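All values reported here derive from a predicted model rather than from experimental measurement.
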Amino acid sequence: MILTMLVVLIHKETAMVRALGITIAGTGIAGFLLSRVQPRKKNHFARDGLTVVGLIWLVLSAAGAIPFWISGEIPSYVDSFFETVSGFTTTGATILTDIESLSRSAIFWRSLTH
C-alpha cells in the first residue's frame with residue numbers, strides 16, 4: 001500500500017490518500033498489536049497451519065478491499081472484497097465493466113492485487 005500511496009501523492013488524488021491512510025494505519029496498528037501476542041503452546045500441527053493460512057487470506061483480502069470502498073472507486077464493500085479476493089487468488093474475475101474509469105492510484109492498487 002505504501003507504493004500505491006506514492007502514486008497517490010504524485011497524481012494528487014485526495015480520495016485515495018484518505019482511503020490508503022486509514023487502511024495503512026489500521027493494518028499497521030492491528031499488526032503491531034498482534035505481534036505482541038505470545039502463543040501459549042509451542043507445538044504446531046498441519047491443521048494449525050491450514051487455519052492460519054486461510055484466516056490470513058481472508059483478513060488480507062478484507063484489508064485490501066478497504067481502499068476501493070472508502071475512496072468510492074467501488075461503492076459496495078462486497079464488490080470491493082470480491083475484486084480483491086479475485087486478485088489475490090489470481091482468478092481474473094472482476095465486477096468492473098470499465099477499469100480505465102478508475103483513478104490512476106486505484107488502477108495501480110488493483111494491479112498490485114492482481
Task: Within 6.0 Å of CD1 in Ile2, more than 12 heavy atoms from elsewhere - done: no
Open item on the list: I need the Leu20 CG to Thr27 OG1 distance, nearest 0.5 Å.
Closed with: 10.0 Å
Task: Any donor-acceptor N/O pair, Ser35 side chain to Phe32 backbone, under 3.5 Å - done: yes
Task: Step-by-step side chain to side chain contact (heavy atoms under 4.5 Å, CB included) determination, Leu58 to Phe81 - done: CA-CA 9 Å; Leu58 287 172; Phe81 184 76; 4.2 Å; yes
Open item on the list: So which atom in Phe68 and which in Ala106 form the shortest heavy-atom distance, rounded to 0.1 Å?
Closed with: CE2-O, 3.6 Å
TODO: Determine, using the 4.5 Å side-chain heavy-atom cutoff (strictly less than), whether Leu9 and Leu112 are members of one ILVMFWY cluster.
DONE: yes
- [ ] Answer with yes or no whether the hydrophobic clustering places Leu6 together with Leu102; edges join I, L, V, M, F, W, Y residues whose side-chain heavy atoms lie under 4.5 Å apart.
- [x] yes
Task: Single-linkage hydrophobic cluster Val17~Met1, side-chain heavy atoms < 4.5 angstrom - done: yes
Open item on the list: So which atom in Asp48 and which in Asn43 form the shortest heavy-atom distance, rounded to 0.1 Å?
Closed with: OD2-O, 4.2 Å
Open item on the list: Please give me the minimum heavy-atom distance between Phe82 and Ile95, naming the atom from each residue.
Closed with: CD2-CG2, 3.4 Å
Open item on the list: Check this for me: does any side-chain nitrogen of one of Glu13 and Arg104 sit under 4.0 Å from a carboxylate oxygen of the other?
Closed with: no
Task: Closest heavy-atom pair and its distance - Thr89, Trp57 - done: CG2-NE1, 3.3 Å
TODO: Kindly assign one of parallel, tilted or perpendicular to the pair Trp69 and Tyr77, based on the angle between their ring planes and the thresholds 30° and 60°.
DONE: perpendicular
- [ ] Consider only side-chain heavy atoms of I, L, V, M, F, W and Y, link residues closer than 4.5 Å, and tell whether Trp109 and Leu96 are in one cluster.
- [x] yes
TODO: Would you give the length of the straight line joining atom CD1 of Ile24 to atom CD1 of Ile29, rounded to the nearest 0.5 angstrom?
DONE: 12.0 Å
TODO: Tell me whether Leu60 is reachable from Leu3 by hopping between hydrophobic residues (I, L, V, M, F, W, Y) whose side-chain heavy atoms are closer than 4.5 Å.
DONE: no
Task: 4.5 Å side-chain heavy-atom contact, Met16 and Ser103 - done: yes
- [ ] Can you see which heavy atom on Pro67 is nearest to which on Ser71, and at what distance?
- [x] O-OG, 2.8 Å
Open item on the list: One pair to check against side chain to side chain contact (heavy atoms under 4.5 Å, CB included): His114 and Ser86. What are the steps and the verdict?
Closed with: CA-CA 7 Å; His114 283 69; Ser86 71; 3.7 Å; yes
Task: Heavy-atom donor-acceptor pair, Glu83 side chain to Ala65 backbone, under 3.5 Å - done: no
Open item on the list: For a quick test of reading the model, state the closest non-hydrogen atom pair linking Val7 to Ser105 and the distance between them.
Closed with: CG1-CA, 3.9 Å
